Amino acid sequence: MLNINVDFKYTEKKKKEIMKYKDMVEKIHNELHEISTNENEFAGWLQLPTSYNKDEFKKIKKAAEKIKKDSDVLLVIGIGGSYLGARAVIEALNNTFYNVLTDKQRKTPQIFFVGNNMSPDYLNDLLECISKKDVSVNVISKSGTTTEPAIAFRIFREYLESKYGIDEARRRIYVTTDKEKGALKSLANEEEYETFIVPDNIGGRYSVLTAVGLLPIAVSGIDIEKLMNGARNGQEKYNNSDLKYNNCYKYAVARNILYKQDKKTEILVSYEPKMLYFTEWWKQLYGESEGKDGKGIFPASATFTTDLHSLGQYIQEGRRELFETVINIEKTKTDIKMKADEDNLDGLNYLEGKTMNYINHKAMEGTIQAHTEGNVPNILINIDKLDEENLGELIYFFELACAISAKILGVNPFNQPGVEAYKKNMFKLLEKPGY
């Protein structure tokens with residue numbers, strides 16, 4: 001079996017129905033590739049797995065090694081695309097309880113994410129947690145003026161300067177920002193912080209495979225070479241403009257067909273808790289790309305079997321406006337075999353000899369059957385195992401499918417004008433000058 005494949009049999013979408021979009025998809029494919037090398041457009045992610053800056057990549061790996069050697073903790077300051085991608089990969093590929101392993105077990109710094117909310121309790125709890133540890137900071141912001149990360153950076157910059165002195169603090173601050181302009185770039189130049197580039201032609205939600213995501217991912221011990229290899233596999237595999245041979249494009253088409261049939265909400269489902277933040281990354285990617293002009297599939301997520309005990313009733317018998325995309329990971333890194341119990345008070349002896357992975361998959365199969373019979377179509381994305389290369393390919397798959405899907409829908413996948421509305425109100429209420 002291919003490392004990643006897509007199964008549409010639970011949607012009742014016939015190949016003929018999907019292939020009606022053949023000419024439209026080919027046109028969108030060609031348009032995207034035409035602008036992918038244009039620095040003034042936002043499609044640079046399309047060629048990124050083969051065209052990324054190799055010198056910057058080496059610089060990322062070197063900085064990651066320094067942080068591993070001199071720090072117990074890396075604080076990643078960012079919001080939205082400036083942290084979700086990195087957190088998705090780190091949590092998917094590392095031990096589920098990465099941060100609470102001993103230093104000897106983990107062998108790499110603890111990684112905490114901050115600057116994605118404005119809760120004083122969150123900040124003070126984090127300050128308490130790191131008080132006796134050596135700390136480095138990676139602040140990620142294109143402009144440096146986004147409120148949440150800007151506040152967090154001010155607080156933790158002052159913390160580092162108080163703890164280490166100004167000179168040593170400078171050596172522990174790593175800035176990922178615009179290559180030429182902006183408040184954060186100006187500060188980084190003035191203080192001589194080590195800097196990494198947020199490319200002009202790659203928007204935040206498409207930026208996980210740039211320095212935005214790669215530096216914290218590398219610090220956690222994940223092989224970023226393999227991650228990029230996986231994305232390159234995706235670039236090569238999904239470069240075919242012919243819808244007949246491109247499952248990535250078929251996914252984009254199928255979800256639009258379902259949308260036209262009043263399936264207005266897509267739930268991205270995984271049966272692996274490690275994928276929780278991957279689904280959060282996916283929600284931003286699709287929500288910001290498609291939710292505009294009064295259009296768009298609402299992106300939701302669930303972790304099964306956990307959420308079957310909270311959302312399962314609604315999915316099974318609630319409003320029939322849902323469809324699910326299920327990420328099925330075939331093989332786990334480890335497994336547990338069930339044993340017989342002499343008393344069998346819990347009635348589980350029928351599971352003797354079966355593995356947890358097998359049981360989990362049978363729960364998945366039973367749920368897909370129940371939901372499809374309850375008029376909730378399911379798209380199944382099969383992955384043979386969860387590793388750097390497969391996750392890199394999956395990231396590229398969803399980014400490309402998102403751009404194609406938004407274009408089919410008739411919206412611009414690379415802007416997000418609506419996110420400014422709350423900011424204007426907030427700034428006015430806070431009496432910011434000019435508002």
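Bear in mind the structure is a predicted one, so any value in this text is a computation, not a measurement.
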For this session: Take Asp387 and Lys226 through the test side chain to side chain contact (heavy atoms under 4.5 Å, CB included) and record every step on the way to the result.
Result: CA-CA 9 Å; Asp387 62 12; Lys226 290 181 179 178; over 6 Å; no
Exercise. Salt-bridged, Asp70 to Lys66, with N to O below 4.0 Å?
Worked result: yes
Seminar exercise, completed: Rounding to 0.5 Å, atoms CE (Met24) and CD (Glu26) come to a distance of 13.0 Å
Exercise. Side-chain contact, heavy-atom cut-off 4.5 Å: Glu324 with Pro377?
Worked result: no
Exercise. Quick one: do Arg319 and Glu321 make a salt bridge, cutoff under 4.0 Å?
Worked result: yes
Problem set entry | Thr147 vs Ile151 side-chain heavy atoms within contact, under 4.5 Å | yes
Exercise. Testing Glu399, Glu290, Glu288 for salt bridge (Lys or Arg N to Asp or Glu O under 4.0 Å) with Arg205, which one passes?
Worked result: Glu288
Exercise. Would a distance-only check, ignoring hydrogens and angles, find a side-chain to backbone donor-acceptor pair under 3.5 Å from Asn390 to Leu386?
Worked result: no
Problem set entry | Distance in Å, His371 NE2 paired with Asn375 CG, rounded so as to fall on 0.5 Å steps | 12.0 Å
For this session: Report yes if the side chains of Leu285 and Tyr206 come closer than 4.5 Å at any heavy-atom pair, otherwise no.
Result: yes
Exercise. Does the separation of the ring centres of Tyr52 and Phe57 fall below 6.0 angstrom?
Worked result: yes
Exercise. Relative to each other, are the rings of Phe398 and Tyr251 parallel, tilted or perpendicular (30° and 60° limits)?
Worked result: perpendicular
Problem set entry | Minimal non-hydrogen separation, Asn138 against Pro216, with atom names | OD1-CD, 3.5 Å
Problem set entry | Contact summary for Thr176 and Leu184, nearest pair of heavy atoms | O-CD2, 4.3 Å
Exercise. Where the side chain of Glu41 meets the backbone of Ala43, is there a donor-acceptor pair that is under 3.5 Å apart?
Worked result: no
For this session: Indicate whether any N or O donor in one side chain lies under 3.5 Å from an N or O acceptor in the other, for His29 and Asn240.
Result: no
Exercise. Closest approach of Pro109 and Ser71, non-hydrogen atoms and distance?
Worked result: CG-O, 3.5 Å
For this session: Describe, in one word, how the ring planes of Trp281 and Phe278 are oriented to each other, choosing from parallel (under 30°), tilted (30 to 60°) and perpendicular (over 60°).
Result: tilted
Exercise. For the residue pair Thr177 and Lys142, what are the closest heavy atoms and their distance?
Worked result: OG1-O, 3.0 Å
For this session: Please report the C-alpha distance between Asp335 and Lys337 in whole Å, then the side-chain angles of each, then the deciding distance to 0.1 Å, and finally whether the salt bridge (charged side-chain N to carboxylate O under 4.0 Å, His left out) criterion is met.
Result: CA-CA 7 Å; Asp335 214 339; Lys337 185 176 285 189; over 6 Å; no
Exercise. Looking just at side-chain N and O atoms, do Tyr193 and Arg157 make a donor-acceptor pair shorter than 3.5 Å?
Worked result: yes
For this session: Enter the distance from Arg232:CZ to Asn229:CG here, rounded to the nearest 0.5 Å.
Result: 4.5 Å
Exercise. Nearest 0.5 Å, what's the CZ-OH distance between Arg106 and Tyr98?
Worked result: 6.0 Å
Exercise. Without hydrogens or angle criteria, can the side chains of Glu280 and Gln284 be said to hold a donor-acceptor pair below 3.5 Å?
Worked result: no
Exercise. Less than 4.0 Å between a side-chain N and a carboxylate O, is that true for Glu330 and Lys385?
Worked result: no
Exercise. When you measure from the side chain of Lys59 to the backbone N and O of Thr195, does any donor-acceptor pair fall under 3.5 Å?
Worked result: yes
For this session: Could you tell me whether the side chain of Glu388 and the main chain of Gly230 form a donor-acceptor pair under 3.5 Å?
Result: no
For this session: For the residue pair Tyr164 and Asp134, confirm or rule out a side-chain donor-acceptor distance under 3.5 Å.
Result: yes
Seminar exercise, completed: Exactly one of Leu209, Leu84, Ile395 clears side-chain contact (heavy atoms from CB on, under 4.5 Å) with Val89, and that residue is Ile395
Exercise. Is the closest side-chain donor-acceptor distance between Asn239 and His33 under 3.5 Å?
Worked result: yes
Seminar exercise, completed: For Val219 and Lys68, the nearest pair of non-hydrogen atoms, with its separation, is O-CE, 3.6 Å
For this session: Please determine, by modelled atom types, if Asn412 and Lys407 share a side-chain donor-acceptor pair under 3.5 angstrom.
Result: no
Exercise. Does any N or O in the side chain of Asn357 come within less than 3.5 Å of the main-chain N or O of His361, such that one atom is a donor and the other an acceptor?
Worked result: no
For this session: To the nearest 0.5 Å, tell me how far Ser270 OG sits from Leu276 CG.
Result: 9.0 Å
For this session: Please lay out, stage by stage, how Lys339 and Glu352 fare under the test salt bridge (charged side-chain N to carboxylate O under 4.0 Å, His left out).
Result: CA-CA 5 Å; Lys339 298 177 182 178; Glu352 181 185 2; over 6 Å; no
Problem set entry | Side-chain donor-acceptor contact under 3.5 Å, Ser241 with Asn30 | no
For this session: Considering only NZ, NE, NH1 and NH2 on the basic side and carboxylate oxygens on the acidic side, decide whether Lys237 and Glu393 come within less than 4.0 Å.
Result: yes
For this session: Ignoring hydrogens and angles, state whether a donor on the side chain of Thr102 or Gln105 is under 3.5 Å from an acceptor on the partner side chain.
Result: yes
Exercise. Should Asp293 and Lys295 count as an ion pair when the cut-off is N to O under 4.0 Å?
Worked result: no
Exercise. Which value, rounded to the nearest 0.5 Å, describes the distance between Thr279 atom OG1 and Leu268 atom CG?
Worked result: 6.0 Å
Exercise. Distance only, no hydrogens: is a donor on one side chain within 3.5 Å (strictly under) of an acceptor on the other, for Gln313 and Glu317?
Worked result: yes
Exercise. Going through the checks in order, is the side chain to side chain contact (heavy atoms under 4.5 Å, CB included) test met by Asn328 and Ile383?
Worked result: CA-CA 6 Å; Asn328 169 37; Ile383 306 173; over 6 Å; no
Exercise. Side chains of Asn378 and Thr372: is there a donor and an acceptor less than 3.5 Å apart?
Worked result: no
Exercise. Is Lys292 reaching over with its side chain to a backbone N or O of Gly418, donor-acceptor style, under 3.5 angstrom?
Worked result: no
For this session: Report the C-alpha distance between Glu65 and Lys61 in whole Å, list the side-chain angles of each, state the deciding distance to 0.1 Å, and finish with yes or no for salt bridge (charged side-chain N to carboxylate O under 4.0 Å, His left out).
Result: CA-CA 6 Å; Glu65 289 306 311; Lys61 292 200 286 186; over 6 Å; no
Exercise. Looking only at atom types and distance, does a side-chain atom of Asn256 sit under 3.5 Å from a main-chain N or O of Ala252, one as donor and one as acceptor?
Worked result: yes
Problem set entry | Lys250/Asp7 under salt bridge (charged side-chain N to carboxylate O under 4.0 Å, His left out): CA gap, chis, key distance, verdict | CA-CA 10 Å; Lys250 286 179 184 176; Asp7 190 340; over 6 Å; no
Exercise. According to the interplanar angle, ranging from 0 to 90°, do the rings of Phe414 and Trp45 count as parallel (below 30°), tilted (30 to 60°) or perpendicular (above 60°)?
Worked result: tilted
For this session: Kindly indicate, with the supporting measurements, whether the criterion side chain to side chain contact (heavy atoms under 4.5 Å, CB included) is fulfilled by Tyr396 and Asn233.
Result: CA-CA 9 Å; Tyr396 191 87; Asn233 291 340; over 6 Å; no
Exercise. For Ile359 and Leu351, what are the C-alpha separation, side-chain angles and deciding distance, and is it a side chain to side chain contact (heavy atoms under 4.5 Å, CB included)?
Worked result: CA-CA 8 Å; Ile359 296 167; Leu351 296 175; 4.0 Å; yes
For this session: Check the side chains of Asn247 and Asn5 for a donor-acceptor pair under 3.5 angstrom, ignoring hydrogens and angles.
Result: no
Exercise. Looking just at side-chain N and O atoms, do Arg255 and Ser405 make a donor-acceptor pair shorter than 3.5 Å?
Worked result: yes
Exercise. Take atom NZ in Lys244; do more than 12 heavy atoms of anything else shown fall under 6.0 Å from it?
Worked result: no
